[in-house]
**Student:** 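Can you read through this structure? Questions will come right after.
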Amino acid sequence: MRKVLLRPAALLRTLSAVTASLLVLSACAENRLEASVKPVASPVVVEESRTFSQWRDDFRSRALASGIQPRVFDEAFRGIEPDPAVLRADQSQPEFTRPIWEYLDGALSTQRQATGRVMLNRHAATLQQIEARYGVDRHILVAIWGLESNFGSNMGDRSVIRSLATLAHQGRRSEFAQTQLLAALEILQRGDTTAADMTGSWAGAMGQTQFIPTTYNEHAVDFDGNGKRDIWHTEADALASAANYLRASHWQSGAPWGQEVRLPTSFDYTLADMSIRKTLAEWSALGVQDARGRRLVNHLQDQASLILPAGHRGPAFLVMNNFRSILKYNNSTSYALAISLLAERFQGRGQVLASWPVDDDPLSRAERVELQERLQQQGFEPGAADGIIGANTRQAIRRSQIALGWPADGYPDRQLLKALRNRVQ
């Protein structure tokens with residue numbers, strides 16, 4: 001899982017809690033598909049002259065060769081035409097990044113917390129059975145349910161077949177969309193659902209857990225034993241499927257996701273990276289304390305990574321194996337932190353004690369591209385200037401921060417961009 005919904009910060013601060021929640025749900029659906037995209041050996045070139053009908057006929061031959069029955073294909077594609085709204089969503093380039101503290105405001109809304117507690121009570125027996133079978137904490141499962149589909153109330157209403165066919169014909173990731181479309185046809189052929197009921201987001205994420213079709217085929221389960229893996233209408237199947245996915249992602253039963261921590265002065269911020277793992281005992285020896293300034297005491301031999309979602313001026317977290325499992329579900333630090341904190345909020349915990357740098361306006365996409373270009377010009381090697389702050393760009397930012405004598409937290413902000421501009425003037 002593409003990262004959170006993008007809007008100017010000044011406008012976002014005026015949004016209501018309801019609107020913020022809808023933005024979170026949309027972001028989750030888009031993130032899920034983006035995180036699942038695997039690079040292909042070569043880019044897929046879409047022939048604009050090839051009509052949708054011509055593409056469909058070619059794809060029908062591919063589907064039948066893959067074992068899809070002609071009847072299943074023809075019923076699924078009956079009346080299907082490209083969806084212009086899907087293409088607009090796929091081709092849009094969001095301009096502004098939503099700050100993590102605003103994302104968390106929506107993800108951790110009081111309404112979502114209250115509804116989650118109701119669902120925990122309502123489905124207590126089922127959740128207990130799921131927890132016993134898969135070893136995944138029920139609070140985490142309900143948090144995922146809440147963020148992915150607002151507890152099943154907002155699963156997306158677009159035809160998955162139409163959306164994926166549109167993306168396969170003209171989208172930016174045609175081959176990936178065709179793979180997902182074949183997987184969706186396999187679901188229909190097994191009889192788990194019908195084409196009419198197979199609805200989801202514009203990107204093809206489906207059901208109460210927002211699985212893409214290949215994830216469904218690999219991890220969805222028939223928990224209620226009725227012969228169908230129904231993540232659309234059956235809460236037990238949806239929640240158990242999410243648990244099965246997390247277990248396959250190496251979830252450790254009974255282990256924590258991590259914790260907020262306090263860093264000492266003059267800390268080496270280059271250590272704040274998911275690629276660096278140390279035991280809690282080692283972090284403690286470096287002066288890292290819990291959020292209240294006390295010595296780290298639990299799980300001292302467990303390994304953890306340090307993350308600074310808003311740079312060194314914001315809260316710090318030590319995250320462990322189960323946090324990484326959540327990242328497998330949706331490869332977004334904001335999402336994984338929201339799930340972890342929401343699960344704790346259901347239990348009366350999960351408050352972040354350190355302050356977020358709310359005066360820090362995020363860079364626009366154009367400014368992120370400029371930042372990368374200036375990093376490249378000054379020899380810091382950030383990789384492609386695409387506006388995406390990935391691992392290479394963060395390492396380049398660290399190198400530039402070290403050159404400036406600043407805390408090397410790898411965080412892109414307006415102050416750094418201004419400094420890089422001034423260095424060439």
Side-chain angles (χ1 to χ4, degrees), residues 1 3-4 28 31 35 99-101 103-104 107-108 135-137 139-141 143-144 147 242 245-264 267-292 294-347 349-354 356 389-391 394-395 398 408-411:
M1 181 228 36
K3 282 280 187 174
V4 295
C28 289
N31 284 350
I100 185 172
W101 50 91
Y103 174 76
L104 290 177
L108 307 178
V136 179
D137 176 29
H139 302 94
I140 290 289
L141 295 176
I144 288 174
L147 258 67
Y245 189 6
L246 288 175
R247 184 177 67 173
S249 301
H250 309 295
W251 182 272
Q252 294 179 351
S253 180
W257 65 269
Q259 61 180 303
E260 184 185 359
V261 294
R262 184 182 296 183
L263 304 180
F267 183 77
D268 181 4
Y269 290 103
T270 62
L271 298 175
D273 193 279
M274 286 293 290
S275 66
I276 297 175
R277 305 190 194 198
K278 296 180 181 293
T279 66
L280 293 188
E282 289 173 325
W283 287 115
S284 181
L286 292 171
V288 178
Q289 301 173 316
D290 74 9
R292 299 187 184 277
R294 300 170 301 195
R295 181 178 174 83
L296 300 175
V297 293
N298 295 324
H299 308 279
L300 288 180
Q301 297 309 309
D302 288 348
Q303 290 194 331
S305 297
L306 180 67
I307 62 171
L308 303 171
H312 73 281
R313 296 199 301 128
F317 303 87
L318 283 178
V319 297
M320 303 170 75
N321 178 80
N322 285 349
F323 190 88
R324 294 177 186 274
S325 296
I326 300 171
L327 287 174
K328 295 284 187 179
Y329 201 102
N330 183 328
N331 191 25
S332 161
T333 298
S334 298
Y335 175 89
L337 188 58
I339 292 296
S340 303
L341 294 175
L342 182 57
E344 291 189 345
R345 294 285 178 93
F346 293 152
Q347 303 168 77
R349 301 181 286 114
Q351 298 295 327
V352 177
L353 300 185
W356 295 100
I389 308 300
R394 292 192 184 279
Q395 288 304 316
R398 291 184 197 278
D409 58 11
Y411 184 69

**Student:** To the nearest 0.5 angstrom, please state how far the CG atom of L306 sits from the CH2 atom of W283.
**Tutor:** 5.0 Å
**Student:** Tell me whether E260 contacts the main-chain N or O of L353 through its side chain, where contact means a donor paired with an acceptor under 3.5 Å.
**Tutor:** yes
**Student:** Look at the aromatic rings of W257 and F317 and report parallel, tilted or perpendicular, splitting at 30° and 60°.
**Tutor:** tilted
**Student:** Hey, is CZ on R349 packed in by over 12 heavy atoms from elsewhere, all under 6.0 Å?
**Tutor:** yes
**Student:** Taking all atoms of both residues into account, what is the closest heavy-atom pair of K278 and L271, and its distance?
**Tutor:** CE-CD2, 4.2 Å
**Student:** Locate the shortest heavy-atom distance separating A338 from L108; write the atom from each residue and the value.
**Tutor:** O-CD2, 3.6 Å
**Student:** Between atom CG of L147 and atom OH of Y103, what is the distance when rounded to the nearest 0.5 Å?
**Tutor:** 5.0 Å
**Student:** What is the distance from atom CG of N330 to atom CD1 of I339, rounded to the nearest 0.5 Å?
**Tutor:** 8.0 Å
**Student:** What heavy-atom pair brings F323 and S340 nearest, and what distance separates the two atoms?
**Tutor:** CD1-OG, 3.8 Å
**Student:** Which pair of heavy atoms, one from P315 and one from P309, lies closest together, and at what distance?
**Tutor:** O-CD, 3.6 Å
**Student:** Treating D409 as the side-chain partner and A272 as the backbone partner, does any N or O pair qualify as donor plus acceptor under 3.5 Å?
**Tutor:** no
**Student:** Tell me, do R324 and V319 make a side-chain contact under 4.5 Å, heavy atoms counted?
**Tutor:** no
**Student:** Could you walk me through whether H299 and M320 pass the side-chain contact (heavy atoms from CB on, under 4.5 Å) check?
**Tutor:** CA-CA 10 Å; H299 308 279; M320 303 170 75; 4.3 Å; yes
**Student:** Working to the nearest 0.5 Å, report the span between CD1 of I140 and CD1 of I326.
**Tutor:** 4.0 Å
**Student:** Check L318 against V288 and note the closest heavy-atom contact, atom names and distance.
**Tutor:** CD1-CG1, 4.1 Å
**Student:** Run the side-chain contact (heavy atoms from CB on, under 4.5 Å) test on Q259 and N298 for me, step by step, so that the C-alpha distance in whole Å, both residues' side-chain angles and the decisive distance to 0.1 Å come before the verdict.
**Tutor:** CA-CA 11 Å; Q259 61 180 303; N298 295 324; over 6 Å; no
**Student:** Roughly how far, to the nearest 0.5 Å, is CG of D137 from CD of Q347?
**Tutor:** 6.0 Å
**Student:** Between M274 and L327, is there a side-chain heavy-atom distance shorter than 4.5 Å?
**Tutor:** yes
**Student:** Is Y329 close to S249 at the side-chain level, that is, under 4.5 Å between some pair of heavy atoms?
**Tutor:** no
**Student:** Verify, without hydrogens or angle tests, whether R262 (side chain) and D290 (backbone) share a donor-acceptor contact under 3.5 angstrom.
**Tutor:** no
**Student:** Rounded to the nearest 0.5 Å, how far does OG of S275 lie from CZ of R394?
**Tutor:** 12.0 Å
**Student:** Provide the closest heavy-atom pair for Q351 versus R345 in the form atom of the first, atom of the second, distance.
**Tutor:** NE2-NE, 3.4 Å
**Student:** Under 4.5 Å between any side-chain heavy atoms of L104 and W356, yes or no?
**Tutor:** yes
**Student:** Answer yes when D273 and R398 have at least one side-chain N-carboxylate O distance shorter than 4.0 Å, and no when they do not.
**Tutor:** yes
